Amino acid sequence: MKRVAILLSGGGSNMVKLVESMRGDHPAQPVLVLSNDSTAGGLDRAAELGVPTEVVDHRPFKGDREAFERALIAAIEPHAPDIICLAGFMRILTPLFINTYAGRMLNIHPSLLPKYRGLHTHKRALDAGETQAGCTVHEVTAELDDGPILGQAQVPIEEGDSPETLAARVLKQEHVLYPAVLERFAAGNREPIFLG
Ligand code: GAR
């Protein structure tokens with residue numbers, strides 16, 4: 001049984017779907033939800049689901065990313081996770097953290113990578129006149145929003161879409177894709193899943 005830690009900064013809707021999926025004869029179990037923001041809604045939702053939570057606020061580290069990451073690792077390690085899932089964790093990670101969890105850290109990104117790394121993905125896709133948007137789950141490597149793709153879901157862009165309406169449609173697919181990828185990954189299968 002693989003132990004999964006989920007890192008988030010916001011509402012945690014992906015975290016909820018991941019936790020809810022790890023039931024029955026699933027090859028993984030949630031052991032920790034950690035946030036860099038003590039006000040993140042995802043922390044309350046994790047507690048309601050009975051998952052232990054931790055907070056490591058990045059602000060006292062005043063931009064010293066490695067010191068923040070050493071504190072993150074110190075908070076994570078007692079929970080002995082085999083897999084780290086980033087689920088809306090909005091801090092850029094350095095090689096210190098990434099190398100600690102090399103080959104066992106996943107991220108979900110709201111675009112069809114390699115297109116639109118970084119922020120404001122939906123606005124950028126709309127501005128570029130794309131007809132398809134989507135989301136990607138990938139292994140985390142040293143480059144931002146890069147690393148082997150483990151799953152991708154396409155979502156059509158509809159006439160009149162705003163970044164908000166598109167984000168809501170993509171998020172629904174994130175909730176399907178991420179649990180599907182995690183289940184495969186926890187079972188040792190890195191073959192990508194393509195939806196849509
Ligand atoms: C999700 O859309 C996720 O793809 C995105 O943040 C949102 C978190 O929502 N992640 C990134 O932009 C990472 N660069 P949630 O807190 O409801 O899961």
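Counting convention: from 1, in listed order, for ligands and their atoms alike. Worth knowing before you read on, the calculation uses all heavy atoms, side chains too, and leaves out hydrogens, waters and symmetry mates. A quick note: this is a predicted structure, and the numbers were derived from the prediction, not measured.
Residues satisfying the salt bridge (charged side-chain N to carboxylate O under 4.0 Å, His left out) test with Asp146, not counting sequence neighbours, are Arg117. Every residue was checked against the salt bridge (charged side-chain N to carboxylate O under 4.0 Å, His left out) condition with Asp145, not counting sequence neighbours, and none meets it. Residues satisfying the salt bridge (charged side-chain N to carboxylate O under 4.0 Å, His left out) test with Lys123, not counting sequence neighbours, are Asp127.
Below 30°, between 30° and 60°, or above 60°: for Phe89 and Phe68 the angle between ring planes is below 30°, a parallel geometry.
Between Ala40 and Leu8 the shortest heavy-atom distance is CB-CD1, 4.0 Å.
Under 4.0 Å from any atom of ligand 1, one finds heavy atoms of residues Gly11, Gly12, Ser13, Asn14, Gly88, Met90, Ile108, His109, Pro110, Leu171, Glu174.
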One pair to check against side-chain contact (heavy atoms from CB on, under 4.5 Å): Arg23 and Glu20. What are the steps and the verdict?
CA-CA 7 Å; Arg23 288 179 182 158; Glu20 288 177 346; 4.1 Å; yes
